[in-house]
Amino acid sequence: AAELSRADLGIMPLDDSLWSRGKCAYKLLQYGAAGLPMVGDPVGAAIERHLGHPPWALPDVEPPDGGWEAHRRCLMARETFHELILRMPRQDGSVSHVSISGQPVVAEDGTFLGYRGIGLDITKQKLIEAKISRLARFDPLTSLCNRTEFFERLNHSIAVARRHDRAIALLFVDLDRFKDVNDAFGHDSGDEVLKVMARRLARTIRDSDTVARLGGDEFIVLAETVTTQVDVNEFGLRIREALSEPFMVHGQECRLGASI
């Protein structure tokens, strides 16, 4: 089937891309209203490699969730599709997200001509969604897991430990004398101290462990690779030593302890 003209393709905001489809596969016709790169693409991006090809023929386009098969069945059945989300890498290493929708076009005599559709650059929307998701699961001050994320991981670890008949350990960590620092230097300085302590905890645990901030100056560590009480005691000692190292606040050396 012949490609559709710009007039046939309908509304074209500048940051959109246009798609058309023959009997077997739709293909990208152009980026933007005048063949310009989509907003956010680096100048000089080699978009020519996308033009004239269906998305599954492009090696740098990631397939949608579930792969291409369901989408291709939809096309072969000549059904309308909505908001197919594709991830497309950019030359600067970042990833753009494109939402494609299309509907079949039929001639007056009933002949199927192909698809016409529009692709929206939803990268900003995806970035906002990712940020909201992270805020819901990670502590915004320290970037450690929050309660929600931690207890999900804990429940998973308990199930795995039971299945394999092995032990895990929980260490509750409470900073000693943190209130004194907070009262003496102010909440902003107290927040910086919490960030320092969080980084020390993150450096001390192993890759298989998880550390979270429960709130205030309270943290919790999930240790998944322990075998004996001695292992737990030694691990707690390493944490206490790391947190008790001195640090500077407004030119003064301070030192905290930790109750575990």
Side-chain angles (χ1 to χ4, degrees), residues 1-138 149 152:
E3 294 176 359
L4 302 175
S5 67
R6 261 186 65 181
D8 291 330
L9 287 164
I11 301 173
M12 288 188 302
L14 180 61
D15 61 348
D16 295 343
S17 54
L18 305 179
W19 302 76
S20 181
R21 177 189 183 268
K23 291 185 177 180
C24 296
Y26 62 84
K27 55 188 178 181
L28 179 62
L29 294 181
Q30 69 179 44
Y31 283 91
L36 300 173
M38 287 190 295
V39 171
D41 275 359
V43 176
I47 59 174
E48 305 83 40
R49 69 183 184 276
H50 292 161
L51 301 180
H53 299 285
W56 52 82
L58 301 173
D60 56 354
V61 174
E62 296 184 18
D65 294 341
W68 290 114
E69 189 60 33
H71 180 58
R72 297 183 74 166
R73 284 199 303 268
C74 172
L75 297 181
M76 295 306 297
R78 300 175 183 175
E79 298 173 344
T80 298
F81 63 92
H82 299 283
E83 298 180 352
L84 176 73
I85 308 299
L86 302 179
R87 289 166 49 88
M88 306 173 69
R90 293 170 170 162
Q91 284 191 334
D92 62 0
S94 63
V95 175
S96 62
H97 293 79
V98 180
S99 174
I100 302 172
S101 299
Q103 62 184 25
V105 179
V106 181
E108 292 182 1
D109 62 0
T111 303
F112 174 68
L113 299 179
Y115 274 82
R116 70 177 177 184
I118 189 166
L120 303 177
D121 185 349
I122 60 170
T123 305
K124 289 184 179 180
Q125 173 187 329
K126 285 294 184 180
L127 291 174
I128 292 172
E129 290 175 357
K131 183 175 182 179
I132 292 174
S133 176
R134 179 169 180 81
L135 288 174
R137 307 183 74 83
F138 292 86
E149 177 71 11
E152 283 190 13

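Just so you know, residue 1 is the first one in the sequence shown, and it goes up from there.
Here the CZ-CE distance, from R73 to M76, works out to 12.0 Å after rounding to the nearest 0.5 Å. Considering CG of L84 and OG of S101, their distance stands at 8.5 Å, rounded to 0.5 Å. One finds the NE2 atom of H71 at 11.5 Å from the CD atom of E79 (value rounded to the nearest 0.5 Å).
Shown here for T80 and G102, the closest heavy-atom pair between the two residues is CG2-O, 3.2 Å. For S96 against T123, the heavy-atom pair with the smallest separation is CA-OG1, 3.3 Å.
When each of R87, Q125, K124 is paired with H97, the side-chain contact (heavy atoms from CB on, under 4.5 Å) condition holds for R87 and for no other.
Comment: K126 engages E129 in a salt bridge, judged by a side-chain N to carboxylate O separation of less than 4.0 angstrom.
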